[in-house]
Amino acid sequence: MKPMTTLKGTALAALLATATLTTPAFADPDAALAALQTTVLSKGPNGEDPSPAADLVLSAAEIDQIKAMNATAAIIMHYGGNDWSRAQVDGLHNRFAELGIEVIAVTDAGFKPEKQVADIETVMAQQPDIIVSVPTDPAATAAAYKAAAAAGVKIVFMENTPPGMTAGEDYVSVVSADNYGNGVAAAHLMAKALGEEGKIGLVYHAADFFVTRQRYDAFKATIASDYPNIEIVAEQGIGGPDFTGDADKVASAMLTSNSDIDGIWAVWDVPAEGVISAARVAGRDDLIITTIDLGENVAINMAQGGFVKGLGAQRPFDQGVAEATLAGYALLDKEAPAFVALPALPVEKDNLLDAWQTVYRADATRNIQKSMN
């Protein structure tokens with residue numbers, strides 16, 4: 001790490017003078033969006049500083065050691081019905097295959113904690129060496145994860161961790177996108193599309209879910225600090241499991257109660273699809289939507305020049321690779337960082353096709369490419 005340089009003389013005076021100004025930290029949304037791609041703003045679930053996924057390395061000799069173990073792994077998802085989840089699982093499968101680790105189960109809890117607890121118990125009967133999982137409800141699922149850890153299973157978490165569990169003792173590590181950074185990105189993209197002024201509504205996730213709360217907090221804080229001419233006039237949470245339908249109803253109510261609303265932010269792409277539906281029914285072709293997660297449906301809408309003007313994308317395939325690599329660390333008793341994160345990826349129509357390749361390690365779907373043309 002390079003030492004920090006010391007400011008002297010006029011440089012220090014200029015910095016102090018700048019610090020007293022009330023102008024936003026980022027007067028230019030494009031400059032803010034560019035900066036997000038080279039840093040991580042999020043802390044871990046327990047306040048941990050982020051460690052870059054790019055720093056995770058297994059040597060050829062270490063991979064040979066792992067292959068000789070004939071280890072098995074189970075992937076226990078909170079929800080499998082979106083592009084993000086599928087990309088995570090693809091990244092895990094890809095890296096586990098390289099490490100000679102057999103995936104014996106992939107489960108989908110449908111956002112129901114009781115189903116996820118049952119999934120963990122069912123998987124444990126198969127005696128996996130590794131579990132990679134994202135808790136639906138950290139508190140409600142904690143006992144099941146603790147039982148798996150007590151049985152000697154190496155656990156790598158995605159995004160969040162249950163209370164009462166400690167990195168390096170009860171689980172290996174947690175891997176996340178920069179969810180705070182993606183919330184910031186969605187705010188800057190909203191401001192850019194609005195010309196930095198207007199009235200907006202927020203559709204957030206009404207649940208004790210660490211990463212979606214980070215997105216909501218980041219979006220609100222960025223609008224408040226950087227864009228004084230943008231007013232949040234409505235907020236409503238949705239609990240699911242019908243996130244599209246719930247967001248449709250909430251957005252419809254916002255559009256009815258606030259006829260002059262200019263934009264709506266949705267906490268991820270599936271609720272954003274509900275906001276799109278509400279805008280169409282209301283005849284609000286001018287409504288601006290930003291969100292988080294690069295799903296196919298919102299990508300098609302963006303490609304067509306529709307409501308979705310921008311979003312902050314995660315890097316789920318790369319997250320899956322990092323999670324599987326950390327499982328390898330655990331099998332070798334190699335010290336692992338407590339929190340690993342990947343930077344946000346701001347997406348607009350101009351970089352949509354390149355962003356899809358970055359996120360999914362594949363060309364954009366035929367439907368997206370046709371919509372671009």
Side-chain angles (χ1 to χ4, degrees), residues 1 40 44-46 48-77 85-107 119-135 144-162 165-177 314-343 360-362:
M1 178 184 247
V40 171
N46 301 300
E48 305 95 335
D49 289 328
S51 180
D55 288 354
L56 299 176
V57 177
L58 290 169
S59 68
E62 287 173 328
I63 291 174
D64 286 342
Q65 283 181 264
I66 294 168
K67 287 180 177 178
M69 296 179 187
N70 296 314
T72 59
I75 303 169
I76 300 176
M77 299 300 293
S85 294
R86 286 187 284 271
Q88 279 265 3
V89 172
D90 287 347
L92 283 160
H93 274 295
N94 184 280
R95 185 57 168 161
F96 276 141
E98 293 175 350
L99 300 178
I101 297 171
E102 180 187 1
V103 176
I104 58 173
V106 179
T107 66
D119 289 341
I120 295 168
E121 292 170 348
T122 300
V123 162
M124 285 299 295
Q126 301 179 61
Q127 299 182 319
D129 299 294
I130 299 155
I131 285 177
V132 182
S133 183
V134 50
Y145 286 116
K146 289 176 182 177
V153 178
K154 313 292 187 185
I155 302 175
V156 179
F157 285 115
M158 307 173 185
E159 308 291 350
N160 201 0
T161 59
M165 298 186 74
T166 303
E169 297 178 15
D170 305 303
Y171 65 93
V172 182
S173 181
V174 57
V175 180
S176 179
Q314 302 187 70
R315 303 168 190 258
F317 188 97
D318 291 344
Q319 284 179 244
V321 170
E323 291 148 9
T325 300
L326 285 162
Y329 272 47
L331 293 173
L332 297 171
D333 292 325
K334 183 174 179 176
E335 186 176 358
F339 175 60
V340 174
L342 296 93
Y360 295 110
R361 299 299 179 89

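Hydrogens, waters and symmetry mates play no part in the numbers below; they use all other heavy atoms, side chains included.
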Nearest heavy-atom contact between L342 and V40 is C-CG2, 4.1 Å
OH (Y171) and CD1 (I131) are apart, to the nearest 0.5 Å, by 15.5 Å
One should read off an interatomic distance between I130 CD1 and I155 CD1, to the nearest 0.5 angstrom, of 11.5 Å
To the nearest 0.5 Å, atom CG of L99 lies from atom NZ of K67 at 8.0 Å
> Between the side chain of R95 and the main-chain N/O of A322, is any donor-acceptor distance below 3.5 Å?
Replying inline: no
In this structure, CD of Q319 is separated from CD of Q314 (nearest 0.5 Å) by 5.5 Å
Residues passing the side-chain hydrogen bond (donor to acceptor under 3.5 Å, both in side chains) test with D318, sequence neighbours excluded, are R361
When every non-hydrogen atom of V153 is compared with those of P128, the smallest separation belongs to CG2-O, 3.6 Å
For M158 and L92: C-alpha separation, side-chain torsions, deciding distance, then whether side chain to side chain contact (heavy atoms under 4.5 Å, CB included) applies.
CA-CA 11 Å; M158 307 173 185; L92 283 160; 3.7 Å; yes
### Query
Do any N or O atoms from the side chain of N94 and from the backbone of D90 form a donor-acceptor pair under 3.5 angstrom?
no
Closest non-hydrogen contact found for R315 with P343 is NE-O, 2.8 Å
Minimal heavy-atom distance between K154 and V172, with the atoms involved, is CB-CG2, 4.2 Å
For this session: Begin with the C-alpha distance, continue with both residues' side-chain angles, and end with the deciding distance and a verdict on side chain to side chain contact (heavy atoms under 4.5 Å, CB included) for Q126 and T72.
Result: CA-CA 9 Å; Q126 301 179 61; T72 59; over 6 Å; no
Interatomic distance, CG@L56 vs CD@E323, rounded to 0.5 Å, equals 10.5 Å
Residues A71 and D129: closest non-hydrogen pair is CA-OD2, 3.2 Å
- Task: May I ask you to check whether Y145 and F157 place their ring centres under 6.0 Å from each other?
- Result: yes
Quick one about E159 and S176 (side-chain donor to acceptor, distance below 3.5 Å, no hydrogens or angles considered), yes or no? yes
- [ ] Take I120 and T107, measure what side chain to side chain contact (heavy atoms under 4.5 Å, CB included) needs, and give me the verdict at the end.
- [x] CA-CA 9 Å; I120 295 168; T107 66; over 6 Å; no
Taking the side chain as every heavy atom from C-beta outward, state whether I63 and E98 have any atom pair closer than 4.5 Å. no
Output side-chain donor-acceptor pairs under 3.5 Å for residues 329-341, partner residues at least two apart or in another chain, one line each.
residue: Y329; atom: OH; partner: V57; partner atom: N; Å: 3.0
residue: Y329; atom: OH; partner: V57; partner atom: O; Å: 3.3
residue: K334; atom: NZ; partner: V57; partner atom: O; Å: 2.8
residue: K334; atom: NZ; partner: E62; partner atom: OE1; Å: 3.3
residue: K334; atom: NZ; partner: E62; partner atom: OE2; Å: 3.3

From the list V132, I75, D119, I76, side chain to side chain contact (heavy atoms under 4.5 Å, CB included) partner of V106 resolves to I75
A73 and I101 have their tightest heavy-atom pair at CB-CG2, 3.8 Å
